[in-house]
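Atoms within each ligand, like the ligands themselves, are counted from 1 in listed order.
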Amino acid sequence: MRRNIVAGNWKMNNSFDEAEELVTDIAEYLEKNPVDDAEIIICPPFIYLEMTTDVSAESQFAVGAQNLCAYDKGAYTGEISAAMLAGLDVEYCIIGHSERRKYFGDTDEIIAAKIQQALKENISPIFCCGESLAEREAGNYKEVVQTQIEEALANLSADEMDNVIIAYEPVWAIGTGLNATPAQAQEMHAYIREILLENFSIAIANNTTILYGGSCNAGNAKEIFAQPDVDGGLIGGASLKANEFIQIITAF
Ligand code: PEP
């Protein structure tokens, strides 16, 4: 179902005390100022999920993980399964983030398996795609994103696609302070809807939530979110400060 979403990806940041203060500040804001035109998702590191879902149970935001294991269960030392996340009331999971692709070897095949695991447990994948700077400069960025989407999603049913959120995150914009212009974001979001039309249906093309990610902040969120095919943002650095994140969740 298509809706406005702002999701905060904390990555590997914050001590426990800092994490608790940040979610509490956001929950206190939402208690006084309910946001009715956007869904808010907070994606902390694994070990803060339980604290975060405890706070979210009394608040308006939902909780996402940043990764999960491509396998069900068993001898996979250090991994966390989709079922374990579901047991903690985690409703979303970022899958295929460029940092996982770059540093941890997440291939399109592994990403597709992780999406299956998430959906099996009723966890909505926030599937990330996006081109590198070299790919943008070479002019083949649309093909790159098309391949990423088709490899990860093409085997899903219409019902499964209903639970998938796509985040378009140009790698050159992540953590660099160099965001895509609103026009660049709009071009790619419209193109992603064309890919969904080709591979699925007009309903899925129109109804899928597509977020922009890459140096989105309090200063540029409003203009980016105003683009017709942009449904909100996946926010990294700017989700670590309550004040700035609050300005972003109220930017619609
Ligand atoms: C991200 O990591 O998904 C992201 C968009 O990071 P940043 O906002 O810091 O560029």
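In this structure, the protein non-hydrogen atom closest to atom 4 (C) of ligand 1 is Gly236 N, 3.6 Å. Here the heavy atom of the protein found nearest to atom 3 (O) of ligand 1 is Glu169 OE2, 2.7 Å.
Checking only distances, Gly213 never comes within under 3.5 Å of ligand 1, N or O to N or O. Ligand 1 has a nitrogen or oxygen under 3.5 angstrom from a nitrogen or oxygen of His97. Polar contact check, Gly175 against ligand 1: a nitrogen or oxygen pair lies under 3.5 Å apart. The shortest N or O to N or O distance between Lys11 and ligand 1 is under 3.5 Å. Considering backbone and side-chain N/O atoms, Gly237 comes within less than 3.5 Å of an N/O atom of ligand 1.
Few gaps surround CD on Glu135; more than 12 heavy atoms of other groups in view lie less than 6.0 Å from it.
Counting heavy atoms under 4.0 Å from ligand 1, residue Ala173 touches it through the backbone alone. Residue-level proximity to ligand 1 for Ile174 is carried by backbone and side chain together, each with a heavy atom below 4.0 angstrom.
With respect to the salt-bridge test (charged N to carboxylate O, under 4.0 angstrom), the residues Arg2 and Asp231 qualify. Lys142 and Glu131 are not joined by a salt bridge, as no carboxylate oxygen comes within less than 4.0 angstrom of a charged side-chain nitrogen.
Glu39 and Asn4 share no donor-acceptor pair across their side chains, judged by distance under 3.5 Å alone.
The aromatic rings of Tyr76 and Tyr71 lie parallel to each other, their planes meeting at an angle below 30°, with 60° marking the opposite boundary. Between Tyr168 and His189, the ring-plane angle classifies as perpendicular under the 30° and 60° cut-offs.
When each of Asp229, Leu197, Thr208, Ile210 is paired with Ile192, the side chain to side chain contact (heavy atoms under 4.5 Å, CB included) condition holds for Ile210 and for no other.
Near Gly214, meaning under 4.0 Å from one of its heavy atoms, ligand 1 places the atoms 5 (C), 10 (O). Residue contact check: Asn9 has heavy atoms under 4.0 Å from atoms 1 (C), 2 (O), 3 (O) of ligand 1. For ligand 1 and Leu234, the ligand atoms under 4.0 Å from any heavy atom of the residue are 3 (O), 5 (C).
Among all heavy-atom pairs drawn from Gly96 and Arg101, the shortest one is O-NE, 2.9 Å.
Not a single heavy atom of Ala238 sits under 4.0 Å from any atom of ligand 1.
The hydrophobic clustering, which links ILVMFWY residues whose side-chain heavy atoms are closer than 4.5 Å, places Val144 and Leu153 apart.
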